[in-house]
Amino acid sequence: MVTSIAKIQSDTFTLQQPSKRMEWLDAMRGLAMLMVIYSHQVMGSPLDYTCVTVEAFRFVMLEMFFFISGFLCAISSMPVIIKVRKLALQLLLPTVVIYLIHAWIYGDSLDLFARMKNGFWFLPTLFVVEVVGYVLFKYIRRCSLTKKVGIICLVIIADKILTSLAFRYGMLNTPWADAFQLSFFCVYLIPFLIGALIRYVHRRIYSYVDGHILFFGIIIMLFLLLSFYNQPLIKSFLSLLGVFVIFLIMRNMRGYFRKDHYIGNFLVLCGKNTLGLYLLHYFVLSEIICHFSPILLMHMGMEGNPLMQLVIIGFSTLVTTVITLSAIKVIEMSPVLSLLCLGQPLRKKIVYET
């Protein structure tokens, strides 16, 4: 049964990953993944001085994943039912398997319909967002560019209004809404649609940015000015603006990720193993590794030194990433485990969508 499912996945589906011409998107996803691992290292320790960096990373890191998914999903052409099946095998199957392993190791109760805290909300939410977004993209596929942009903008505005009303009147605090993570869906649908919107107009954006270098300076100045405001609407816009700035920077550095640069290749490697890094480092390895940083600082007598906290947490993030990547390589030696734990098909040639 598992073999037949994996064969269907590998023969019929095309993984939604960038081609070699778009490895900078993998690098951007890898950067977001390192931010997540860094944040988890801090949250799992009693360190205080690194909270500022965590707040900065939280501002953009999750939005980056949904932005990239929307950017790639907008041009996919497979039938909806095949897309849903692919996403279920790629996202939901490894989530459930790792959830069961985590519950077995740490003695948690098996309650799939409880509020999925501790990170389990992310992949199911991404699944729902991708399915809804893909149905929308299929519906507007034959529309003109102007209509596509207009429809997506209307959906973004409607989502923002409905989300605000739902939060104000407590509609998202019900057990049913908690079980299916509707609040996360409403919040992260917007960066997903923004990514799709950028995909539709990316050629014009690239040509304009390449001819106007000062455009970067204007966006960064706008970002800095808006950062002084604490209104939720401004903060939401500022988060999307930060993702867009990182997107443009990574795109302009695209040549760097095609050459033999250790940092560039490491970011690309992390981006291509994002699913495994997210599931394994947090749900299996985090409880083992998260105490490394405070113990080391305590032995060094520098637990109150802000600079050393940043250095040690950064080192711990790198160690955690390398250990998790090694665990992924071991799992990939078994096609069945690779399918169940990483959402990967049998070891066959993978065709990338562009």
Side-chain angles (χ1 to χ4, degrees), residues 16 18 22 24-25 28 60 62-84 87 125-168 171-172 182-212 215-216 218-219 222-223 226 229 231-252 353-354:
Q16 189 175 296
M22 299 176 68
W24 55 276
L25 279 177
M28 180 179 175
V60 295
L62 294 179
E63 283 79 0
M64 287 167 66
F65 289 111
F66 287 90
F67 179 93
I68 296 171
S69 295
F71 186 88
L72 294 172
C73 189
I75 45 83
S76 181
S77 59
M78 67 180 65
V80 174
I81 187 64
I82 296 180
K83 180 71 173 181
V84 172
L87 290 173
T125 301
L126 181 60
F127 169 81
V128 176
V129 168
E130 287 221 33
V131 170
V132 172
Y134 190 74
V135 172
L136 173 64
F137 302 149
K138 293 287 286 187
Y139 175 76
I140 66 175
R141 184 179 179 185
R142 299 185 182 278
C143 296
S144 63
L145 178 61
T146 303
K147 288 185 177 180
K148 289 178 180 177
V149 172
I151 291 173
I152 291 179
C153 289
L154 288 176
V155 174
I156 291 173
I157 294 173
D159 177 81
K160 192 64 179 177
I161 294 174
L162 292 175
T163 302
S164 299
L165 292 174
F167 274 113
R168 174 174 295 182
M171 298 170 60
L172 297 177
L182 293 184
S183 59
F184 290 119
F185 167 79
C186 294
V187 170
Y188 290 108
L189 179 62
I190 293 179
F192 180 85
L193 293 175
I194 293 294
L197 186 64
I198 297 299
R199 179 66 180 187
Y200 286 133
V201 298
H202 68 283
R203 289 188 177 88
R204 298 182 182 182
I205 293 177
Y206 294 163
S207 61
Y208 182 83
V209 171
D210 290 341
H212 300 79
F215 182 68
F216 278 115
I218 296 174
I219 292 181
L222 179 63
F223 183 85
L226 292 177
Y229 294 89
Q231 289 83 355
L233 185 61
I234 297 295
K235 288 294 184 181
S236 177
F237 173 75
L238 193 62
S239 177
L240 295 173
L241 183 62
V243 173
F244 183 62
V245 170
I246 295 174
F247 172 81
L248 291 178
I249 292 175
M250 300 298 280
R251 188 261 173 184
N252 282 347
E353 292 180 0
T354 59

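In what follows, residues are counted from 1 in the order of the sequence shown.
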Working to the nearest 0.5 angstrom, can you tell me the gap between [X] [atom1] and [Y] [atom2]?
X: Ile246; Y: Leu241; atom1: CD1; atom2: CG; value: 10.0 Å
X: Ile152; Y: Asp159; atom1: CD1; atom2: CG; value: 13.0 Å
X: Arg142; Y: Lys147; atom1: CZ; atom2: NZ; value: 13.5 Å
X: Ile156; Y: Ile194; atom1: CD1; atom2: CD1; value: 3.5 Å
X: Thr163; Y: Leu189; atom1: OG1; atom2: CG; value: 8.0 Å
X: Phe127; Y: Phe185; atom1: CZ; atom2: CZ; value: 12.0 Å

Are side-chain heavy atoms of [X] and [Y] found at a separation under 4.5 Å?
X: Met250; Y: Leu25; answer: no
X: His202; Y: Leu197; answer: no
X: Met28; Y: Val243; answer: yes
X: Ser236; Y: Lys160; answer: yes

Taken in chain and number order and not counting sequence neighbours, the residues that satisfy side-chain contact (heavy atoms from CB on, under 4.5 Å) with Thr146 are Ser144
Verdict with reasoning, Phe184 to Leu62, per side-chain contact (heavy atoms from CB on, under 4.5 Å): CA-CA 11 Å; Phe184 290 119; Leu62 294 179; over 6 Å; no
If you apply the rule side-chain contact (heavy atoms from CB on, under 4.5 Å), what do you find for Arg199 with Cys73, and how did you get there? CA-CA 9 Å; Arg199 179 66 180 187; Cys73 189; over 6 Å; no
With Phe65, which residues qualify under ring-ring contact (aromatic ring centres under 6.0 Å, His included), at least two apart? Phe122
Could you walk me through whether Phe192 and Phe67 satisfy the ring pair (Phe, Tyr, Trp, His ring centres under 6.0 Å) test, starting with their C-alpha distance in whole Å, then the side-chain angles of each, then the deciding distance to 0.1 Å, before giving a yes or no? CA-CA 5 Å; Phe192 180 85; Phe67 179 93; 10.0 Å; no
In sequence, state the C-alpha distance, the side-chain angles, and the governing distance for Glu130 and Leu72, and then conclude on side-chain contact (heavy atoms from CB on, under 4.5 Å). CA-CA 10 Å; Glu130 287 221 33; Leu72 294 172; over 6 Å; no
side-chain contact (heavy atoms from CB on, under 4.5 Å) assessment of Ser69 paired with Leu126: CA-CA 9 Å; Ser69 295; Leu126 181 60; 3.7 Å; yes
For residues 133-141, run the donor-acceptor check on the side chains, cut-off 3.5 Å, and write out each pair with its distance to 0.1 Å, sequence neighbours left out.
residue : atom : partner : partner atom : Å
Tyr134  : OH   : Met78   : N            : 3.0
Tyr134  : OH   : Met78   : O            : 2.2

Closest non-hydrogen atom pair between Val60 and Ser239, with its separation: CG1-O, 3.9 Å
Using the six-membered ring wherever Trp is involved, compare the ring planes of Phe66 and Tyr188 and label them parallel, tilted or perpendicular (cut-offs 30° and 60°). parallel
